[in-house]
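To keep things clear, I will list the structure first and then write my remarks on it.
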There are 2 protein chains.
Amino acid sequence: MLSFAEENYLKAIYHLAEQSGQSVSTNAIADELNTKAASVTDMIKRLSSKGVLSYQKYKGVYVSEAGKIAALQVIRKHRLWETFLVAKLKFNWDEVHEVAEQLEHIKSPLLIKRLDELLGHPKFDPHGDPIPDENGEYKEKPKTPLFELQIEQSGIVVTVQDDSPAFLQYLDKIGIYIGAKIKVIDKVEFDGSMEIQIDGRKTNFISKQVSENIWLTE
Amino acid sequence: MLSFAEENYLKAIYHLAEQSGQSVSTNAIADELNTKAASVTDMIKRLSSKGVLSYQKYKGVYVSEAGKIAALQVIRKHRLWETFLVAKLKFNWDEVHEVAEQLEHIKSPLLIKRLDELLGHPKFDPHGDPIPDENGEYKEKPKTPLFELQIEQSGIVVTVQDDSPAFLQYLDKIGIYIGAKIKVIDKVEFDGSMEIQIDGRKTNFISKQVSENIWLTE
DNA sequence: TATAATTTTTAGTCTAATCTAAAATTTTTT
DNA sequence: AAAAAATTTTAGATTAGACTAAAAATTATA
Ligand SMILES: [Mn+2]
Ligand SMILES: [Mn+2]
Ligand SMILES: [Mn+2]
Ligand SMILES: [Mn+2]
């Protein structure tokens, strides 16, 4: 049985490993969790001894098969709770992440089973992220970052890569939501910013940082 | 901000204080929480320094006004979650207590506000216990333990004093629920057991321990 | 390839929460 | 009112999780 802290580390390491594909460095973990490298070294030793990570001194860590299963269950709970908060408790999509960080650690298989049923077995959370099933399986929608689109190209928003309230509130303000249609009007090579049209109506200028975090499908 | 452990202690001490009306002893707390007296001494020092208990060495503790407010908010959350689990997730009344012990510690005022709204501001939980409002206020229904009724007297079940699965499953088995009508058919002076009729149909023999934990109104 | 810079680990401390064993205090019994 | 019994507190350890500072290992640079 993993503690809250252990689950948080494992989840963060799993996400970092997915992104990089390689072993995850101590510093990258410390950075992600706003903690110190020394604390990370302590924790990854503990997690390896529990069999969810494989660790070689100075070489970083990999997530084991058992670790992936455990991480995906935490992620499943996180995303189910976020979906519940929006669908049943009228939370805005920028209000759910912090609470889900707490709720994801509640231990009760029945609770998650029933929550999933109540929500009708949702496949995606309010930010467009896929919800793994009881077996940790999920399917991603094919998607590209808005940043990579060329002038005149367009797509439908399927997911946002940043869950921070600041980012989501900004998207609310300029009218971007999951399902919105975005067309690239102009791109500035110098700083990577672009002009976009949302749902064929509004036009906005957005920074590279923003366009990298909005992912689209055809 | 109280930790999980601190909230659990405070809640237990609040309940013990309500029952006795007097100061709560170290041993009574240790007993209630299945912990050791030495651990309790440590914790009550910490809770007094946080202002939620008043403590005199060797004299036991009282819950302060601030402590009562904090305790009632935890109790409110516990009972709202139990109500949610039964009303929305189809849990049986014997399955909710353990999960609510975890959920009661989630910190999010908005979550509790919305949960309360979703449930229609319920006044009682699945065991018949009153749910305090945002200000910690609640009203009890007038009630007497079944044990005190005389032969031929009857009443409606309003609450059960024991939330353990074993007890609640037994009540399910013999057909007792919140709202059931119970009539005393016979009482055995020797061991305090009694024969009762439930909803004018079934007849059962129940022990003193059981009749003390079922509370009725007219 | 030697030196410098960076990353990672180790060593030692700290706090919250728990425990056992022993000492101190209060309560009960003689 | 002593002595005995019970309760409560203290002292000292332990574990999880975090930190700082210093040492060790790795990587980059000259
Ligand atoms: Mn999230
Ligand atoms: Mn979390
Ligand atoms: Mn309960
Ligand atoms: Mn609890």
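Every chain is numbered from 1, with letters handed out A, B, ... down the list of sequences. Worth knowing before you read on, the calculation uses all heavy atoms, side chains too, and leaves out hydrogens, waters and symmetry mates.
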Inset, instruction - Specify the residues of residues 37-48 of chain B, ordered by number, for which at least one heavy atom lies under 4.0 angstrom from an atom of DNA chain D. - result: Ala37(B), Ala38(B), Thr41(B), Lys45(B)
Inset, instruction - State whether Phe84(A) and Lys88(B) meet the cation-pi test: NZ (Lys) or CZ (Arg) under 6.0 Å from the six-membered ring centroid, and within 45° of the perpendicular axis. - result: no
Legend entry - Whether over 12 other heavy atoms sit under 6.0 Å from Lys107(A) NZ: yes
Inset, instruction - Can you label the angle between the Phe4(B) ring and the Phe4(A) ring as parallel, tilted or perpendicular, going by 30° and 60°? - result: perpendicular
Legend entry - Under the side chain to side chain donor-acceptor pair (under 3.5 Å) test, residues paired with Lys187(B) that sit two or more places apart: none
Inset, instruction - Taking atom types as modelled, find out whether Asn27(A) and Ser25(A) have a side-chain donor-acceptor pair closer than 3.5 angstrom. - result: no
Inset, instruction - Could you tell me from which nucleotide to which nucleotide of DNA chain C, 5' to 3', there is an atom under 4.0 Å from chain B heavy atoms? - result: dA16(C) to dT26(C)
Inset, instruction - Could you list the residues that satisfy salt bridge (charged side-chain N to carboxylate O under 4.0 Å, His left out) with Lys50(B), not counting sequence neighbours? - result: Glu6(B)
Inset, instruction - Between Tyr58(A) and Ala5(A), just flag the one whose closest nucleotide in DNA chain D comes earlier from the 5' side. - result: Ala5(A)
Legend entry - Contacts of type side chain to side chain donor-acceptor pair (under 3.5 Å), residue Gln73(B), not counting sequence neighbours: none
Legend entry - Side-chain N or O of Lys57(B) closer than 4.0 Å to phosphate OP1/OP2 of dT8(D): no
Legend entry - DNA chain D contacts made by residues 12-29 of chain A, counting heavy atoms under 4.0 Å: none
Legend entry - Given Arg76(B), Lys11(B), Lys77(B), the one that forms salt bridge (charged side-chain N to carboxylate O under 4.0 Å, His left out) with Glu104(B): Lys11(B)
